[in-house]
Protein chains: 2
Amino acid sequence: MQNEIFKSAFSVDCVLFGFDEGELKILLIKRGQPPMKGSLALPGELVFPEEDLDDAAHRVLEQLTGLTDIYMEQVYTFGKVDRHPDGRVITIAYYALVNTKDHPVKEMPGVEEIRWAPLKDALKTKLGFDHNDILEACAEKLKRRVRTAPIGFELLPEKFTLSELQTLYELILDKELDKRNFRKKILGMGVLNVLNEKQKGVAHRPANLYSFDIERYKRLVIDGSGFEL
Amino acid sequence: MQNEIFKSAFSVDCVLFGFDEGELKILLIKRGQPPMKGSLALPGELVFPEEDLDDAAHRVLEQLTGLTDIYMEQVYTFGKVDRHPDGRVITIAYYALVNTKDHPVKEMPGVEEIRWAPLKDALKTKLGFDHNDILEACAEKLKRRVRTAPIGFELLPEKFTLSELQTLYELILDKELDKRNFRKKILGMGVLNVLNEKQKGVAHRPANLYSFDIERYKRLVIDGSGFEL
DNA sequence: GCAAAAGTGTTTACAGTACACCCATGG
DNA sequence: CCATGGGTGTACTGTAAACACTTTTGC
């Protein structure tokens, strides 16, 4: 017999994207709790009765990874009757973006193992529940969103090089971009601060560092120009 | 005290768009049942425990309007703790598109009144629950979606004129389009069949009729060209 | 001095935009 | 014959795309 809450419950599941070692990765956990203990899955949990959905998404991510203040956005709600082995649970999927360099994930209770998996590999891995569908939907959403909103910066450290930014876009969009055209466009938008600082310790000409200027971005939105890559 | 189901329940709400009398309208109902009996709201109902979300959306729309086989798409899930007066109910919002000419809505039990309201008016009207937020989200989604997917045709009769199509796009996008450029572009895509048939009974040169060719559209998608207005 | 990535402009092609007149019908 | 919307082509403009060489550093 199922728990009373399973008359109809809802959960949130998160696809946490990170840009690490020149690769686009997502966070998977090996579940340390039933249901589906031991299987690979996205971080997710039931929503509390007195908790807004967006709050729940942040709370769940913190509970499973220790991360706070993460950029998150709702993607889609999955509600097939049989998607959860214990009863009727619909789940609201979110994607989340984190700068892995400055925000390492922690091992948390209830999680047997936590790991960053390259997105491409994860898409081919069998995950628990309907998490493969969720992952696909989130990856698609990120692809669409990154073209028209300045969310890529959430995946980078505060100071970054243009090549890092370009590589990131290439990974997300899954296509190569022309260096000169990319720079022309992104600099032309005027949302980056040119810093008086350079890369150090690289075996080639050191790149200039840049930072995202959210105030300039806001002005750009007010003018109706917008962000479009 | 609240009903047991309200420990956590979920509903679907629909924004049904129709193109009628040269205007873009949405369907509102005056609720004949509590909660919020008597107030204007979107068609919506609780989801059954053994029912997929998309099925629920179709069932609810049929139950309240008599319409079957309607194009629907999930938009967003609204989950503020206090959004429903009777307890914790999150709602999954859908938009729906109907050709009002061939599919009139019926008065159904449990509905005090049903009416088509111009979208612009509805956006200014105070609706029950958080339905104003839902309506806004759906109108935005439609705006975005109609540019990149051939969904506009769902709002038109099978045979239509190019001017009707253009007017529809102008209403949805809320901006004027150039007649010659519009025709060039839509005909250039090659997803319309030119019919050997003309408007009748109009006090001006009768327009040619066209129909949407879904097979040609599919081929276009396979070629990677896609629909883009 | 060699390897490795940074940085930089110009030309070309295509798609978007602006624009004005004749045509077919009903009344 | 007049009013109404239908139907058509061209020139211009601006953005996207293609493309190659010099510079700076570490080793």
Side-chain angles (χ1 to χ4, degrees), chain A residues 19 21-23 143 146-148 156-157 159-171 173-211 220 223-229, chain B residues 19 21-23 143 146-148 156-157 159-171 173-211 220 223-229:
Chain A
F19 178 48
E21 298 168 352
E23 271 193 300
K143 246 188 194 172
V146 82
R147 287 172 184 273
T148 52
L156 292 171
K159 300 172 182 182
F160 51 85
T161 70
L162 290 182
S163 292
E164 284 165 347
L165 186 63
Q166 183 179 341
T167 303
L168 175 60
Y169 270 86
E170 290 179 333
L171 288 169
L173 299 174
D174 194 24
K175 81 172 191 202
E176 299 209 334
L177 302 172
D178 179 88
K179 183 160 63 161
R180 282 178 284 194
N181 294 336
F182 179 82
R183 288 159 129 52
K184 207 188 305 167
K185 195 149 186 192
I186 198 91
L187 291 174
M189 284 194 260
V191 295
L192 295 187
N193 295 317
V194 188
L195 303 177
N196 262 332
E197 210 174 326
K198 296 204 185 303
Q199 266 185 323
K200 283 193 179 137
V202 286
H204 55 77
R205 177 171 173 181
N208 212 324
L209 294 175
Y210 293 80
S211 68
L220 191 139
D223 299 353
S225 344
F227 184 97
E228 185 107 31
L229 206 116
Chain B
F19 178 48
E21 298 169 350
E23 270 193 302
K143 245 188 195 172
V146 82
R147 287 171 184 271
T148 52
L156 292 171
K159 301 171 182 184
F160 51 85
T161 70
L162 290 183
S163 291
E164 284 167 346
L165 187 62
Q166 183 179 341
T167 304
L168 175 60
Y169 270 87
E170 289 179 334
L171 288 169
L173 299 173
D174 195 24
K175 81 171 190 204
E176 299 208 334
L177 302 172
D178 179 87
K179 184 160 61 161
R180 283 179 282 197
N181 295 336
F182 179 82
R183 285 162 182 249
K184 206 188 309 170
K185 194 149 185 191
I186 198 91
L187 291 175
M189 283 193 260
V191 295
L192 296 187
N193 294 317
V194 188
L195 303 177
N196 262 333
E197 211 173 328
K198 296 201 187 305
Q199 266 184 324
K200 282 190 180 140
V202 287
H204 54 77
R205 176 172 175 181
N208 211 324
L209 294 175
Y210 294 79
S211 68
L220 193 138
D223 299 351
S225 343
F227 184 96
E228 184 105 32
L229 207 116

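Here the structure is a predicted model, which means the values were calculated and not measured. Protein chains get the first letters and strands the later ones, always in sequence-line order, with residue 1 at the start of each. No hydrogens, no waters, no symmetry mates; every other heavy atom, side chains included, goes into these values.
Heavy atoms only, all atoms of each residue included: A:F182 and A:L162 are closest at CE2-O, 3.9 Å. In terms of heavy atoms, A:K159 sits closest to A:E197 at NZ-OE1, 2.9 Å. A:G22 approaches A:L171 most closely through the heavy-atom pair O-CD1, 3.5 Å. Pairing each heavy atom of A:A207 with each of A:T161, the nearest pair is CB-CG2, 3.7 Å.
By the 6.0 Å contact criterion, CG on B:N196 is open, its count of non-hydrogen atoms from other residues, nucleotides or ligands being 12 or less. Within 6.0 Å of atom CZ in B:R183, more than 12 heavy atoms from other residues, nucleotides or ligands are found, so the atom counts as buried in its surroundings.
Atom CZ in B:F182 sits roughly 18 Å away from atom P in D:dG9 (whole-Å rounding). Separating the CG atom of A:L209 from the C1' atom of C:dG7 is a distance of 14 Å, rounded to the nearest angstrom. Whole-Å rounding puts the B:R205 CZ to C:dT25 C1' distance at 10 Å. Rounded to a whole Å, the CE atom of B:M189 is 13 Å from the C1' atom of C:dA15. The distance between atom CD of A:Q166 and atom P of C:dG7, rounded to the nearest whole Å, is 11 Å. Atom NE2 in B:H204 sits about 8 Å away from atom C1' in C:dT25, given to the nearest Å. Atoms CZ (B:F160) and P (D:dG6) sit 14 Å apart, rounded to a whole Å. Rounded to a whole Å, the CG atom of A:L165 is 12 Å from the P atom of C:dA6.
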Between the protein and nucleotides 15-18 of chain D, list the N/O to N/O atom pairs that are separated by less than 3.5 angstrom.
{"from": "D:dA16", "atom 1": "OP1", "to": "A:K185", "atom 2": "NZ", "distance (Å)": "3.2"}
{"from": "D:dA17", "atom 1": "N6", "to": "A:K184", "atom 2": "NZ", "distance (Å)": "3.3"}
{"from": "D:dA18", "atom 1": "N7", "to": "A:N181", "atom 2": "ND2", "distance (Å)": "3.1"}
{"from": "D:dA18", "atom 1": "N6", "to": "A:N181", "atom 2": "OD1", "distance (Å)": "3.2"}

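Close to D:dG7, at under 4.0 Å from its OP1 or OP2, lies a side-chain N or O of B:R183. In this model, the phosphate group of C:dA5 is not approached by any side-chain N or O of A:S163 to a distance below 4.0 Å at OP1 or OP2.
Within 4.0 Å of A:T161, counting heavy atoms only, lies no atom of the nucleic acid at all.
Looking at the side chain of A:P206, the nearest of the listed nucleotides D:dT25, C:dA6, D:dG7 is D:dT25.
Atoms CG and CD, on B:L209 and B:E164 in that order, are 7.5 Å from each other to the nearest 0.5 Å.
When each of A:K179 and B:N208 is assigned the nucleotide of DNA chain D with its nearest heavy atom, B:N208 is the one assigned upstream, toward the 5' end.
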